[in-house]
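Here's the structure, in structure tokens; my notes come after.
Note that this is a predicted model, so its numbers are computed, not measured. Labels below follow one simple rule: chain letters A, B, ... track the order of the sequence lines, proteins then strands, and each chain is numbered from 1.
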Amino acid sequence: MPAIPNRPVRVRFAPSPTGYPHLGNIRTALFNWLFARHHRGKFILRVEDTDVTRKVEGAIETMMDSLLWLGLDWDEGPYFQSQRLSLYQETASRLIETGHAYLCYCSLERLEAVRQEQMKQKQPPGYDGHCRNLTQRERAEMEAKGIKPVVRFKMPLEGETTFHDLIRGQITFRNETMSDFILLKSDGYPTYHLANIVDDHLMDISHVLRADEWVSSTPRHILLYQALNWQPPQFAHLPMILGTDKAKLSKRHGATAINEYQEEGYLPDAMVNFLTLLGWSLDDHTELLSRDELIQHFSLERVSRTGAVFNKVKLEWMNGVYLRKLNPEEYVERATPFLERGLPPSVRRPLDLTYVNRIMPLVQERAKTLAEIPQLTDFFFMDELSYDTEILPGKGLDTTTATRILEVALQELETVEPWDSQSLESTLRQLSAGLSLSTGKFFGLLRTSVTGRTATPPLFQTMAILGKETSLRRLRAVLQKLSPSQ
RNA sequence: GCCCUCAUCGUCUAGAGGCCCAGGACGUCAGCCUUUCAAGCUGAAGAUCAGGGGUUCGAAUCCCCUUGAGGGCACCA
């Protein structure tokens, strides 16, 4: 239920284009999206590009690609804050006029010196209010010197600011612990605090769902709403996604950019399911939920308050589950791009789709990610097998017996007709019995001979798909390899 | 240093006073199935509910303290 009745749910995801989308960013987007869809509200995309110096080229595009990849479609936007500068500037002026903000001419050097001194005195760092009460004349002097001022918010010196967090409950800050933060930078761009509240107000945002790291700036935002006489939205601070060291996710935690998961062959649905469970749960046993179920059941009440360590092994498991659930056509469709990209260059492109269609069912329950498929199936596509000769002749067999077995098998296989898995199975099982050889050893030898691997999909189906010619050719090649004259 | 938040198996979590000497999932281990690898099935190990005080007939659940962890304190978001 929306916290404010009669107010339509409008939420936003507001990334800044300063890097590639993170698991954490995406999870925030996801919760916003789920919340909007659950309440039949709007999900808005807003780009907070107010830091000219940190802008990364292509970041927005990657962000949007990632959202779309996961199926997180937005209803409005993207809006760009860099195109709305006058809005923030006007608001800043209004705040100055009403006595809630002031111009500050302090140099970066002075601010740094103040900070150093505060650190030395073991005081909390923060602006000392130097320009808070400049006279008309002092300001004129600064202007005359050509100093571009910033606009600072005039923090109340006493009292406290409280807000109700939908996930955490009441949170209170003493105003004296907060200093006069900057609203408008000297280049005319707003800081996050200003742009954020102006846009949330103008865009009629009903709920702000954002990461935990924002709680301590929320009182500043509340105070700004009050100064502007605007009604603040509801706040809900989401638990963060942590690295294995329990610290805030960053580049040093390895693969955290969402597009890497796409490249590693994870399915959007698995990703969405898994990410939702990082900080939200339905009950004490449900792990697998479809997108619709997620939308239907999602609620802020069931969002947890503790940070969650991202556990890739469990993601792999879940992705395997989703992979196995795919119908054969979808599976091939998903797998093909990975095969095209991952198979050795020597394999002729484009791949024979009919052939691919026959192979894929054999690996569907064996791969945890799409990216594993090429290495699981490359022997189907390669002309020349390259493998470790150590795996021949195989456990419990010496070269002489292996050779004899292969010769007999070869002879027998030449007569197999039709070359399908049933005929192969009956022929080879009989032969195995005839040779008084355990199926383990016998099929194992054939397996390595025909595939160059010790672990493969079931032997008969594999041979059937490989075809008679290729299978026999590979068996002969092994005999060559084993012969002493070599 | 100051402020805020959080605290249940290795990890994700269930639990909103008695149903809990704590349930599920991943992972781990063992067994079954089996031509290998997977998948599947069965079972096991794994949390003195961070520690200490209260409140209560009764606390993982409420209160206080301690400790630990995380986040914030920028002309970054």
Side-chain angles (χ1 to χ4, degrees), chain A residues 14-19 48-51 53-54 104 106-108 111-112 115 118-127 148-152 165 168 171-174 176-179 181-187 189-193 195-196 211-219 237 239-240 242 244 246-248 274 277-288 302 304-318 320-321 324 362-368 376 394 425 428-429 432 438-448 451 453-460:
Chain A
S16 66
T18 53
E48 311 224 318
D49 53 349
T50 54
D51 188 346
T53 59
R54 290 207 309 159
C104 166
C106 290
S107 66
L108 259 21
L111 294 176
E112 183 53 29
R115 219 178 340 261
Q118 286 164 332
M119 300 287 256
K120 212 195 292 176
Q121 306 282 333
K122 301 214 184 264
Q123 294 286 310
Y127 185 61
K148 287 249 179 270
V150 301
V151 177
R152 282 184 188 273
D165 187 285
R168 282 148 216 283
I171 301 178
T172 302
F173 288 79
R174 293 207 320 279
E176 64 191 69
T177 63
M178 297 176 278
S179 62
F181 59 97
I182 293 175
L183 297 171
L184 209 60
K185 306 178 222 177
S186 54
D187 63 2
Y189 277 73
T191 58
Y192 170 82
H193 304 296
N196 178 63
D212 216 9
E213 52 189 326
W214 294 107
V215 270
S216 44
S217 24
T218 307
H237 289 94
M240 301 208 297
L242 278 17
T244 6
K246 302 234 177 200
K248 185 174 166 179
F274 182 77
L277 256 23
L278 238 42
W280 179 87
S281 64
L282 175 62
D283 52 32
D284 62 346
H285 64 277
T286 310
E287 302 282 338
L288 269 14
R302 293 201 62 84
S304 77
R305 275 145 298 150
T306 45
V309 174
F310 176 75
N311 179 201
K312 194 171 179 179
V313 178
K314 186 163 179 177
L315 203 217
E316 279 171 16
W317 161 77
M318 191 173 279
V321 173
R324 273 173 252 129
L362 264 43
V363 288
Q364 183 157 5
E365 65 180 31
R366 293 178 166 74
K368 288 203 186 72
L376 247 30
E425 175 154 15
L428 291 172
R429 280 200 189 279
S432 161
S438 75
T439 48
K441 278 182 194 167
F442 185 41
F443 298 161
L445 175 60
L446 291 175
R447 179 193 320 285
T448 49
T451 66
R453 301 285 178 79
T454 51
T456 72
L459 179 63
F460 314 122

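- Across all strands shown, B/rU28 forms a Watson-Crick or G-U wobble pair with B/rA44, both key distances being under 3.5 Å.
- Taking every side-chain heavy atom of A/Lys185 into account, B/rC76 is the closest of B/rG1, B/rU5, B/rC76.
- Looking at heavy-atom distances under 4.0 Å, A/Pro190 makes contact with sugar-phosphate atoms alone, never a base.
- Looking at heavy-atom distances under 4.0 Å, A/Thr18 makes no contact with the nucleic acid at all.
- Contacts of A/Thr456 with the nucleic acid, taken as non-hydrogen atoms under 4.0 Å apart, include base atoms.
- Using a 4.0 Å heavy-atom distance criterion, A/Val313 is classed as a sugar-phosphate-only contact.
- Among the protein residues, A/Leu459 comes within range of the nucleic acid bases, having at least one heavy atom under 4.0 Å from a base atom.
- Nucleic acid contact class of A/Cys104 (heavy atoms, under 4.0 Å, all strands): none.
- Using a 4.0 Å heavy-atom criterion, one finds that A/Arg168 contacts the sugar-phosphate atoms exclusively.
- Counting non-hydrogen atoms under 4.0 angstrom, A/Phe460 reaches a base of the nucleic acid.
- A/Thr172 comes within 4.0 angstrom of the backbone, heavy atoms only, and of no base.
- Under 4.0 angstrom from either OP1 or OP2 of B/rG40 there lies at least one side-chain N or O belonging to A/Arg324.
- Under the Watson-Crick and G-U wobble criteria, each requiring two contacts below 3.5 Å, nucleotide B/rA50 is paired to B/rU66.
- Listed pair A/Arg429 / B/rU35 meets the phosphate criterion, a side-chain N or O lying under 4.0 Å from OP1 or OP2.
- Regarding A/Trp317, its CH2 atom lies at a distance of 16 Å from the P atom of B/rC12, rounded to whole Å.
- Comparing B/rU5 with B/rC63, their P atoms are spaced 13 Å from each other, to the whole Å.
- Residue A/Lys368 is classed as having no contact, given no heavy-atom separation below 4.0 Å to the nucleic acid.
- Within the nucleic acid shown, A/Thr50 comes within 4.0 Å of sugar-phosphate atoms alone, with no base atom in reach, counting heavy atoms only.
- One atom, CG of A/Asp283, and another, C1' of B/rA16, lie 16 Å apart when rounded to the nearest Å.
- A/Arg302 places a side-chain N or O within 3.5 Å of a backbone atom of A/Ser281 that can act as its donor or acceptor partner.
- Taking side-chain N and O atoms only, A/Ser304 has a distance below 4.0 Å to OP1 or OP2 of B/rU13.
- For B/rG1, the paired nucleotide is B/rC73, the pair qualifying as Watson-Crick or G-U wobble because both relevant distances are below 3.5 Å.
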